[in-house]
Amino acid sequence: MPSSRTLRPKGSGPTTRRQQRIRRILERRQPDLTVVLEDVHDPHNVSAVLRSCDAVGVLDVHVVYVHEEPPRRAFARKSSASAAKWMRIHRHDSIDECYAALRGQGQRILVAALGPGSEDLHALDLTRPTALVFGNEMRGLSDEAVHAADGAFRIPMMGMVESLNISVACAVTLYEALRQRQFAGRYEQPSLDPAELDALEAAWLKR
């Protein structure tokens with residue numbers, strides 16, 4: 001017997017095309033790939049990070065603001081062009097609180113930081129459950145964020161400058177994760193469990 005979805009009259013309720021697109025995107029979301037922003041204050045940088053997250057299938061973004069005010073405009077969901085509309089934003093008052101939440105989900109925490117122990121980005125296994133942490137535009141990451149992490153990584157640089165803009169660094173890192181996960185077939189089957197996928201689909205259809 002055909003399903004009720006098959007029998008739904010064309011044009012009734014939410015448009016079939018929009019619903020199918022939402023479902024397809026949610027089926028590619030990667031709940032075990034997470035981005036953390038610590039005191040990133042420029043709204044343009046935050047918006048660019050969120051767009052990169054959406055593009056590669058990140059669903060959850062964690063933000064910590066201790067020394068800076070959060071750029072509320074960048075996290076607003078009212079604009080149809082805002083990537084924040086399609087993210088789950090988790091706010092924390094401290095790095096300790098943020099890291100505890102991530103470890104409770106089984107995430108390995110890696111910080112973008114230069115140092116003797118930093119691994120090359122392309123040497124990382126980003127198919128594992130991973131939270132990628134990026135810091136303030138001027139100060140970088142706090143000592144607490146670096147020391148409490150499980151490891152650090154660096155993006156290869158061949159020029160005179162030592163680092164990329166935070167939103168660019170995040171995009172480069174996420175697309176390396178996408179490359180690895182595509183090769184491993186991680187976008188071919190849904191990672192979200194069916195109940196959560198259905199709940200998110202219903203919520204997104206209302207946005």
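Nothing fancy with the numbering, it's 1 onward along the sequence.
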Measuring from Glu97:CD to Asp93:CG, what's the distance to the nearest 0.5 Å?
5.0 Å

Rounded distance (nearest 0.5 Å) linking atom CG of Leu59 with atom CD1 of Ile25:
12.0 Å

With Val172, which residues qualify under side chain to side chain contact (heavy atoms under 4.5 Å, CB included), at least two apart?
Leu121, Ile155, Leu164, Val168

Taking NZ, NE, NH1 and NH2 as the nitrogens, is one of them in Arg108 or Asp125 under 4.0 Å from a carboxylate oxygen of the other?
no

Separation between OH (Tyr187) and CZ (Arg28), nearest 0.5 Å, reads 10.0 Å

Is there any side chain to side chain donor-acceptor pair (under 3.5 Å) pair reaching into residues 146-158, and which pairs are they, with sequence neighbours excluded?
Arg103-Asp150

Can you name the closest pair of heavy atoms from Met138 and Asn136 and give their distance?
N-OD1, 2.9 Å

Test item: Asp39 side-chain N/O and His67 main-chain N/O as donor-acceptor pair under 3.5 Å:
yes

Are the side chain of Glu38 and the backbone N or O of Ala145 linked by a donor-acceptor pair below 3.5 Å?
no

Check whether any side-chain heavy atom of Pro156 sits under 4.5 Å from a side-chain heavy atom of His122, and report yes or no.
yes

Any side-chain to backbone donor/acceptor pair from Ser118 onto Ala113? Under 3.5 Å, distance only.
yes

Does the side chain of Val66 reach to within under 4.5 Å of the side chain of Ile95, using non-hydrogen atoms?
no

Validation row: Thr173, Val35 side chains within 4.5 angstrom (heavy atoms):
no

No-hydrogen, no-angle side-chain donor-acceptor test under 3.5 Å, Thr127 and Arg181:
no

Taking side chain to side chain contact (heavy atoms under 4.5 Å, CB included) as the definition, give me every residue that meets it alongside Tyr175, ordered by chain and number, with sequence neighbours left out.
Ala55, Val56, Leu178

Residue pair Arg18 / Leu205: nearest heavy atoms and the distance that separates them
NH1-O, 3.1 Å

Cluster link Val49 to Val111, ILVMFWY, side chain under 4.5 Å:
no

Report whether Phe153 and Val161 are members of the same hydrophobic cluster (ILVMFWY, side-chain heavy atoms less than 4.5 Å apart, transitive linking).
yes

Which value, rounded to the nearest 0.5 Å, describes the distance between Ile22 atom CD1 and Leu197 atom CG?
11.5 Å

Presence of salt bridge, Asp198 and Arg23, under 4.0 angstrom:
yes

Could I get the full list of side chain to side chain contact (heavy atoms under 4.5 Å, CB included) partners for Ala131, not counting sequence neighbours?
Thr34, Val36, Leu102, Gln107, Ile109

Side-chain contact, heavy-atom cut-off 4.5 Å: Arg179 with Gln182?
no

Taken in chain and number order and not counting sequence neighbours, the residues that satisfy side chain to side chain contact (heavy atoms under 4.5 Å, CB included) with Gln20 are Thr16

Straight-line distance of Cys53 SG to Arg51 CZ, nearest 0.5 Å
12.0 Å

Which residues satisfy the side chain to side chain donor-acceptor pair (under 3.5 Å) test with Asp54, sequence neighbours excluded?
Arg29

Joint cluster assignment, Leu141 & Val64, ILVMFWY side-chain distance < 4.5 Å
yes

When rounded to the nearest 0.5 Å, the distance separating CG of Leu132 from CD of Glu176 is 11.0 Å

If we only count heavy atoms from C-beta on, is the Arg91 to Pro70 side-chain gap below 4.5 Å?
no

Tightest non-hydrogen contact, residues Val46 and Pro71, listed as CG2-CG, 3.7 Å

Taking Leu126's backbone N and O only, do any of them form a donor-acceptor pair with Gln180's side chain (distance below 3.5 Å, no angle check)?
yes

What I'd like to find out is whether the side chain of Glu162 reaches to under 4.5 Å of the side chain of Met157, using heavy atoms alone.
no

Consider only side-chain heavy atoms of I, L, V, M, F, W and Y, link residues closer than 4.5 Å, and tell whether Leu200 and Trp86 are in one cluster.
yes

Test side chain to side chain contact (heavy atoms under 4.5 Å, CB included) applied to Trp204 and Glu201, step by step:
CA-CA 5 Å; Trp204 281 24; Glu201 179 184 352; 5.9 Å; no

Is it true that Val63 and Leu33 fall in one hydrophobic cluster, defined by side-chain heavy atoms closer than 4.5 Å?
yes

Where does the angle between the aromatic ring planes of His62 and His90 fall among parallel (under 30°), tilted (30 to 60°) and perpendicular (over 60°)?
parallel

Does a side-chain heavy-atom distance below 4.5 Å link Glu137 with Val40?
yes

Side-chain contact, heavy-atom cut-off 4.5 Å: Arg128 with Leu110?
no

Taking atom types as modelled and ignoring hydrogens, do the side chains of Ser167 and Asn165 form a donor-acceptor contact shorter than 3.5 angstrom?
yes

